[in-house]
Each structure stands twice: as C-alpha cells, then as structure tokens.
Amino acid sequence: MARQLYTSAFLHFASLLFIFRTISAVRFPPGPTTTYDLDFIRTSCNATLYPDVCFTSLAGYASSVQYNPARLARVAVGVSLSRAKHTATYLSKLSRASASAAVHDCVSNVGDAMEKMRGSLRQLREMNHRRPGAPTFRFQMSNVQTWMSAALTDEETCTDGITEEMEEGETKTAVCEKVADVKRFTSNALAIVNTYANSGA
C-alpha cells in the first residue's frame, strides 16, 4: 500500500514538473506595433540631430518600447553599442594589415567608446525601479550622460586622427564613413538619454 502511494505521488509530481517546464518554455512574442508606439519613437527622434537615422534604427523596437522613455534610452544606447562593435571589428582587421598609427589609435578610441556605452547600459538597466526626479535618479542619469558624451568624444578623436594623419585614398574614406556612421548613432542615443534625464529632473 505504501509503495502504491509513493508511486502515485511520484507520478503526480512528475506530471506537474512536465507541465511547469512546458509552460516555462513558451516565449510570448511582443504585441503588434501600433501607430501610437511608432509616434512615440518618431517624436523622440525629432529631438536628435539625425532623426531619420534614429527612427529607422529604433522603429523595429516600438512594440517593446511602447511609451516608455527608460526603455527607449536603453534600446538607443544598445543599438549604438551594436553599431560600434561592427565598426570596431572592421578597424581591428584593418589595423592588422595597416602600419598607420592613426588606424591603431582609432581602434583604441572606438574600444574606449564601447566601454563607456557598456557602462551606460549597465547603469540604465540598474535604474529599472528608480523614480524619475529622485536624487539617485539624477545622479545615475548624470553618469550616463557623461559617459555617452565621452563616447562621442572618443569617436570624434578617431576621425580627427584619421583626417589629419592618414593618406588620402579609399581606405581613409571608408574608415571616416564607418566612424561617422557610429557617431550618428551615438549622438542620437545621447540626445535620447538627455531627453529622458530632463524629463525626470
């Protein structure tokens, strides 16, 4: 009798475990993108220097961002970081085949910019439960603003070095275009971060 009760209890537990794992495995897709969500992205991007680039790069996240400035700031910084990673990979490959000191310096500059973006993203993620306007919120947002501004400065230092020291040619043009692209994304992310910080001031 005891063995039957044990077997029955075990089978019941196993069934519950299977059901729990099945439910846990389900991934609910984000809701459909609404005009309202897209309007929020478009309006936010209008405060940037490159609104078209901003809207094109962030519109795909509208259903996840919805009408949430904090989420938008995190997404904008994340997209900028992703863009910088691609450029860093390109520059790293180029530096191995180039003796140009400017290219090697540029690799370091973009790497520094990426570290500051990572720090900004970590700070924004830690602020999930911070109340806009609170002293802690203002202090942490000040950190993010400082880091994103410094990241943009790092990228500008890269292009300055390339412009001044590298010989004219296709490689120089390609490097300048790729870094200029990253600068646009970083500039937009900084503008969105500033808007979020000011809204909670």
Side-chain angles (χ1 to χ4, degrees), residues 24 26-89 109-159 178-201:
S24 298
V26 175
R27 294 292 181 268
F28 295 99
T33 300
T34 66
T35 301
Y36 187 68
D37 296 335
L38 287 172
D39 284 345
F40 173 63
I41 299 290
R42 185 176 287 105
T43 300
S44 300
C45 285
N46 284 340
T48 69
L49 290 178
Y50 311 99
D52 291 340
V53 172
C54 177
F55 182 76
T56 300
S57 64
L58 300 179
Y61 302 92
S63 62
S64 298
V65 169
Q66 298 181 341
Y67 196 83
N68 189 311
R71 288 181 192 168
L72 181 60
R74 290 197 296 271
V75 168
V77 173
V79 168
S80 179
L81 176 58
S82 177
R83 205 73 172 190
K85 285 179 180 178
H86 288 297
T87 298
T89 299
N109 295 144
V110 175
D112 290 344
M114 287 168 56
E115 282 304 307
K116 294 177 177 75
M117 289 185 217
R118 289 191 183 101
S120 298
L121 203 52
R122 282 193 297 268
Q123 186 81 96
L124 288 168
R125 286 169 176 165
E126 290 170 3
M127 293 172 61
N128 278 342
H129 305 294
R130 298 296 184 190
R131 180 175 59 83
T136 303
F137 173 87
R138 290 195 292 269
F139 173 73
Q140 291 179 320
M141 283 307 301
S142 176
N143 287 339
V144 176
Q145 289 173 290
T146 298
W147 292 333
M148 289 303 295
S149 179
L152 187 58
T153 299
D154 287 330
E155 294 160 3
E156 289 172 346
T157 300
C158 166
T159 51
K178 286 185 177 296
V179 179
D181 177 68
V182 176
K183 285 166 60 178
R184 284 190 285 270
F185 279 78
T186 305
S187 171
N188 285 344
L190 175 58
I192 288 173
V193 162
N194 287 340
T195 299
Y196 176 41
N198 293 334
S199 70

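Positions are given from 1 along the sequence.
Judged as a salt bridge (charged side-chain N to carboxylate O under 4.0 Å, His left out), not a single pair has a partner in residues 60-69 (not counting sequence neighbours). Under the salt bridge (charged side-chain N to carboxylate O under 4.0 Å, His left out) criterion, the residue pairs touching residues 112-123 are Glu115-Arg118, Lys116-Asp154, with sequence neighbours excluded.
Here the CD atom belonging to Glu156 is positioned 9.5 Å from the OG1 atom belonging to Thr186, to the nearest 0.5 angstrom. In this structure, OH in Tyr61 is found 13.5 Å from CZ in Arg74, a value given to the nearest 0.5 Å.
Of all heavy-atom pairs between Ser187 and Leu49, the closest is OG-CD1, 3.6 Å. Between Leu81 and Met114, the closest heavy-atom pair is CD1-O, 3.8 Å. Closest of all the heavy-atom pairs between Leu121 and Gly78 is CD1-N, 4.0 Å. Here the closest non-hydrogen pair linking Ile41 and Ala59 is CG2-N, 4.2 Å.
Listed by chain and residue number, Arg42 satisfy the salt bridge (Lys or Arg N to Asp or Glu O under 4.0 Å) test with Asp39 (two or more places apart in sequence, or in another chain). Not counting sequence neighbours, the partners of Ala191 by the side chain to side chain contact (heavy atoms under 4.5 Å, CB included) test are Thr48.
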Check residues 66-73 and write down every donor-acceptor pair under 3.5 Å in which the side-chain atom is one partner and the other belongs to a residue at least two apart or another chain.
| unit_1 | atom_1 | unit_2 | atom_2 | d |
| --- | --- | --- | --- | --- |
| Asn68 | OD1 | Ala70 | N | 3.0 |
| Asn68 | OD1 | Arg71 | N | 3.0 |
| Arg71 | NH1 | Ser64 | O | 3.0 |

Enumerate, atom names and distances included, each donor-acceptor pair closer than 3.5 Å involving a side-chain atom of residues 142-150, sequence neighbours excluded.
| unit_1 | atom_1 | unit_2 | atom_2 | d |
| --- | --- | --- | --- | --- |
| Asn143 | ND2 | Gln123 | OE1 | 3.2 |
| Gln145 | NE2 | Asn194 | OD1 | 2.8 |
| Thr146 | OG1 | Ser142 | O | 2.9 |

Thr159 vs Glu155, side-chain contact (heavy atoms from CB on, under 4.5 Å): CA-CA, chis, key distance, verdict: CA-CA 7 Å; Thr159 51; Glu155 294 160 3; over 6 Å; no

side-chain contact (heavy atoms from CB on, under 4.5 Å) assessment of Phe55 paired with Asn46: CA-CA 9 Å; Phe55 182 76; Asn46 284 340; over 6 Å; no

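No side-chain donor-acceptor contact under 3.5 Å links Ser80 to the backbone of Ala76.
The side-chain heavy atoms of Phe185 and Asp181, taken from C-beta on, include a pair separated by under 4.5 Å. Using a 4.5 Å heavy-atom cutoff, the side chains of Ser44 and Leu58 are not in contact. Contact of the Val182 side chain with the Val110 side chain is not registered, since no non-hydrogen atoms from C-beta on lie closer than 4.5 Å.
Other residues, nucleotides and ligands place more than 12 heavy atoms under 6.0 Å from the CZ atom of Phe40.
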